[in-house]
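Here the structure is laid out as structure tokens; the discussion comes afterwards.
The structure presented is a predicted model; accordingly, all values stated were derived computationally and were not measured. Start at 1 and go down the list; that is how both ligands and their atoms are numbered.
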Amino acid sequence: MLKLLFLSTPIGYLSSGQGGGVELTILNLAQELQKRGHQITIVAPTNSQIPNLNIVEIPGNSQVSVQTQSRDIPVIIPPNSVLANMWEYARSVQNDYDLIVNFAFDWLPFYLTPFFTTKIAHLISMGSMTNALDHIMAQVALNFPGTIGVHTKSQADTFSFANACKILSNAIDISLYEYNPIPEPVLVWVGRISPEKGLEDAVKAAQITNTKLRIFGQIQDTNYWENILTNFPNSSFEYGGFLTTKQLQLELGKGKVLLMTHRWIEAFGNVAIEALACGVPVISYRRGGPTEIIKHGETGFLIEPDSVENLVNAIKNIDTINRYNCRKQAENEFSLSSFGDRFEHWFYQLSD
Ligand code: UDP
């Protein structure tokens with residue numbers, strides 16, 4: 001049995017949606033490892049209450065997310081930083097744990113690594129973003145071999161220390177996602193509403209194919225969203241809000257396809273496996289994590305990045321995909337049991 005201290009993302013509280021896919025990853029991993037008898041404590045910003053999980057809530061100001069910043073931005077930490085407060089707590093209790101697991105895509109936890117006496121595993125949730133982070137992560141990769149985990153090879157390849165990364169994929173609790181064999185004639189787009197997610201391409205494709213588009217997710221960049229509303233006044237898309245997993249899977253299941261139109265190298269793309277679990281094929285730009293998830297022609301289509309024309313053509317062919325194959329792929333490749341095995345193995349290795 002391992003005693004593990006998870007340090008959550010300092011972007012927002014758990015289930016706020018501000019942290020993106022990493023929030024679901026933390027919950028799934030904690031639940032799966034707890035089920036196996038390990039003792040998990042999650043340190044997270046105030047308001048992060050999740051039933052049946054032991055959460056230590058820490059006050060303080062959130063970090064600003066790095067994905068829309070320039071590469072040469074220096075390290076920014078606000079006054080009374082929740083990130084710093086969370087790590088101060090970790091320092092004070094570290095001797096009670098076998099291993100600390102960092103889920104924050106931030107400079108501070110990497111910098112602090114040599115100063116801790118308890119070993120730290122880092123699960124990196126995005127590709128390379130800033131020079132300052134790349135630099136400190138590379139130092140940890142060099143000085144603490146085996147402590148850096150990523151989700152996909154595409155993500156690892158954005159870093160100079162790609163070969164030092166452990167590739168762990170990702171998973172969901174399939175039992176929470178209902179298979180829906182009969183879709184409505186709607187396209188679905190799910191994600192944080194922020195420029196790197198390229199929502200406008202999905203809106204354009206919906207307009208050209210004259211199909212309704214339903215959008216779900218946290219509006220992270222209000223200006224970006226307002227521009228979309230202004231630029232596509234007559235388009236038939238509807239915004240369904242930020243939903244819980246239970247509601248989201250119901251809405252996802254109604255879609256005839258999930259569109260992934262990201263501009264960045266998506267590290268993984270949780271929404272892809274959530275859609276597959278509902279029996280929904282995925283059309284994605286051939287960029288980042290989704291290229292390692294979607295089976296082209298079998299559970300969706302991987303298309304030329306940034307080409308709305310190709311998006312439109314793929315939407316026209318979506319009925320050639322068998323929805324049952326999508327569900328089966330999710331069950332076979334993205335279940336929590338094999339994910340739990342990989343992490344358990346990694347954590348035992350590090351805590352020796
Ligand atoms: N999500 C959600 N409710 C919504 C829309 C999205 O809970 O209404 C979650 C979704 O389940 C997924 C995450 O937001 O876990 C998005 O993660 P993804 O890996 O696709 O992208 P990221 O935001 O990490 O870049």
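Between Ser16 and Gln218, the side chains place no donor N or O within less than 3.5 Å of an acceptor N or O (distance only, hydrogens not considered).
For residues 278-311, the ring-ring contact (aromatic ring centres under 6.0 Å, His included) pairs, not counting sequence neighbours, are His296-Phe301.
Between Trp107 and the options Phe105, Phe110, Tyr111, a ring pair (Phe, Tyr, Trp, His ring centres under 6.0 Å) holds for only Tyr111.
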Could you list each nitrogen or oxygen of ligand 1 that sits under 3.5 Å from a protein nitrogen or oxygen, with the atom names and the distance?
from: ligand 1; atom 1: 3 (N); to: Leu243; atom 2: O; distance (Å): 2.7
from: ligand 1; atom 1: 7 (O); to: Leu243; atom 2: O; distance (Å): 3.4
from: ligand 1; atom 1: 8 (O); to: Leu243; atom 2: N; distance (Å): 2.7
from: ligand 1; atom 1: 11 (O); to: Glu274; atom 2: OE1; distance (Å): 3.0
from: ligand 1; atom 1: 11 (O); to: Glu274; atom 2: OE2; distance (Å): 2.6
from: ligand 1; atom 1: 15 (O); to: Asn270; atom 2: ND2; distance (Å): 3.3
from: ligand 1; atom 1: 17 (O); to: Gly21; atom 2: N; distance (Å): 3.1
from: ligand 1; atom 1: 19 (O); to: Asn270; atom 2: N; distance (Å): 2.9
from: ligand 1; atom 1: 20 (O); to: Asn270; atom 2: N; distance (Å): 3.3
from: ligand 1; atom 1: 20 (O); to: Val271; atom 2: N; distance (Å): 3.3
from: ligand 1; atom 1: 21 (O); to: Lys197; atom 2: NZ; distance (Å): 3.0
from: ligand 1; atom 1: 23 (O); to: Arg192; atom 2: NE; distance (Å): 2.7
from: ligand 1; atom 1: 24 (O); to: Gly21; atom 2: N; distance (Å): 2.7
from: ligand 1; atom 1: 25 (O); to: Arg192; atom 2: NH2; distance (Å): 2.8
from: ligand 1; atom 1: 25 (O); to: Lys197; atom 2: NZ; distance (Å): 2.7
from: ligand 1; atom 1: 25 (O); to: Glu266; atom 2: OE2; distance (Å): 3.4

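When ring centroids are compared, Phe237 and Trp189 stay outside the 6.0 Å threshold.
Interatomic distance, Leu27 CG to Glu23 CD, rounded to the nearest 0.5 Å: 7.5 Å.
In this pair, Phe161 and Phe159 present their aromatic rings parallel. The plane angle is below 30°, not in the 30 to 60° band.
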